[in-house]
Asker: 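So that we are looking at the same thing, I have put the structure below in structure tokens.
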Amino acid sequence: VQLQASGGGLVQAGGSLRLSCAVSGGTVRRYAVAWFRQVSGKEREFEAAISRSGGSVDYADSVKGRFTISRDDAKNAVYLYMNSLEPEDTAVYYCAAGTRNWGRLIALYDYWGQGTLVTVSS
């Protein structure tokens, strides 16, 4: 399965972006999908995840209430809606998919997209 992340860009603080993770070579319903982000020189961090059933979601405390993860089975894609963006949200965002139990650990996800850069200016 291949993942293609897109939707990043430059936005002012307080603005919004929608990231997309297009899944090919497999059906998105077979996978738990998560979004992680990474700042240069730092470890990749969990931000949001949606279970294989689509019925459960989880968010890092830093984005809870501002970010929303959702899935569109018809488009075979997962989205991350990001609102009230802050300069601290600046990072490369990666989507990842896995068939095992979903969660916050990087090791749970076997397939990774290439990343999309989000830059939030103050």
Side-chain angles (χ1 to χ4, degrees):
V1 64
Q2 292 82 43
L3 307 179
Q4 179 74 36
S6 62
L10 175 63
V11 63
Q12 289 187 333
S16 300
L17 281 176
R18 187 190 77 165
L19 303 185
S20 300
C21 180
V23 178
S24 61
T27 303
V28 68
R29 288 177 296 175
R30 292 191 59 217
Y31 303 94
V33 177
W35 287 94
F36 292 79
R37 68 187 183 190
Q38 188 169 22
V39 176
S40 180
K42 295 188 177 181
E43 294 185 351
R44 196 167 295 187
E45 297 180 336
F46 167 82
E47 302 304 326
I50 186 166
S51 64
R52 285 193 294 173
S53 71
S56 298
V57 295
D58 186 27
Y59 298 97
D61 289 344
S62 59
V63 305
K64 195 172 294 183
R66 300 189 298 123
F67 290 10
T68 301
I69 188 170
S70 68
R71 191 177 80 190
D72 187 331
D73 291 347
K75 295 186 177 181
N76 221 35
V78 172
Y79 303 100
L80 185 67
Y81 295 86
M82 306 188 296
N83 297 316
S84 302
L85 283 163
E86 304 167 353
E88 293 73 23
D89 295 318
T90 295
V92 177
Y93 284 72
Y94 298 88
C95 61
T99 57
R100 291 168 286 179
N101 291 334
W102 70 300
R104 300 185 175 197
L105 299 178
I106 290 175
L108 291 172
Y109 300 94
D110 300 312
Y111 309 99
W112 291 80
Q114 83 291 1
T116 184
L117 175 63
V118 172
T119 303
V120 184
S121 63
S122 57

Asker: Please find the pair of heavy atoms, one from Ala22 and one from Ala77, that lie closest to each other, and give the distance.
Answerer: CA-CB, 4.3 Å
Asker: Which atom names give the shortest non-hydrogen contact between Ala48 and Tyr59, and what distance separates them?
Answerer: CB-CD2, 3.6 Å
Asker: Could I get the full list of salt bridge (Lys or Arg N to Asp or Glu O under 4.0 Å) partners for Asp72, not counting sequence neighbours?
Answerer: none
Asker: Please list, chain by chain and in numerical order, all residues satisfying salt bridge (Lys or Arg N to Asp or Glu O under 4.0 Å) with Lys64, sequence neighbours excluded.
Answerer: Asp61
Asker: By the rule that ILVMFWY residues connect when side-chain heavy atoms come within less than 4.5 angstrom, directly or transitively, which residues belong alongside Tyr81?
Answerer: Tyr79
Asker: Describe, in one word, how the ring planes of Tyr111 and Tyr31 are oriented to each other, choosing from parallel (under 30°), tilted (30 to 60°) and perpendicular (over 60°).
Answerer: perpendicular
Asker: Show the atom names and distances, to 0.1 Å, of all donor-acceptor pairs under 3.5 Å that link a side chain in residues 115-122 to residues at least two apart or in another chain.
Answerer:
{"residue": "Thr116", "atom": "OG1", "partner": "Gly8", "partner atom": "N", "Å": "3.0"}

Asker: Could you work out, with salt bridge (Lys or Arg N to Asp or Glu O under 4.0 Å) as the rule, every residue matching Arg71, not counting sequence neighbours?
Answerer: Asp73
Asker: With rounding to the nearest 0.5 angstrom, report the CH2 to CZ distance, Trp35 to Phe46.
Answerer: 13.0 Å
Asker: By side chain to side chain contact (heavy atoms under 4.5 Å, CB included), which residues pair with Asn76, not counting sequence neighbours?
Answerer: Val23, Thr27, Val28
Asker: Mind checking what makes side-chain hydrogen bond (donor to acceptor under 3.5 Å, both in side chains) contact with Ser53, not counting sequence neighbours?
Answerer: Ser51
Asker: Considering residues at least two apart in sequence or located in another chain, which fulfil the side-chain hydrogen bond (donor to acceptor under 3.5 Å, both in side chains) criterion with Tyr93?
Answerer: Arg37
Asker: Indicate yes or no: at least one non-hydrogen side-chain atom of Leu80 is less than 4.5 angstrom from one of Phe67.
Answerer: yes
Asker: Applying side-chain hydrogen bond (donor to acceptor under 3.5 Å, both in side chains), can you list everything that pairs with Arg66, at least two apart in sequence or on another chain?
Answerer: Asp89
Asker: Between Gln114 and Ala5 (side chain of the first, backbone of the second, donor and acceptor by atom type, cut-off under 3.5 Å), is there such a pair?
Answerer: yes
Asker: Side chain to side chain contact (heavy atoms under 4.5 Å, CB included) with Gln2: which residues, sequence neighbours excluded?
Answerer: Ser24
Asker: Under the salt bridge (Lys or Arg N to Asp or Glu O under 4.0 Å) rule, collect the residues that match up with Arg104, sequence neighbours excluded.
Answerer: Asp58
Asker: Look only at the side chain of Arg100 and the backbone of Asp110, and say whether a donor-acceptor pair between them is shorter than 3.5 Å.
Answerer: no
Asker: Atom CD1 in Ile50, atom SG in Cys95: separation rounded to 0.5 Å?
Answerer: 13.0 Å
Asker: To the nearest 0.5 Å, what is the distance between CH2 on Trp112 and CZ on Arg44?
Answerer: 5.0 Å
Asker: With sequence neighbours excluded, what pairs up with Arg30 under the side-chain hydrogen bond (donor to acceptor under 3.5 Å, both in side chains) test?
Answerer: none
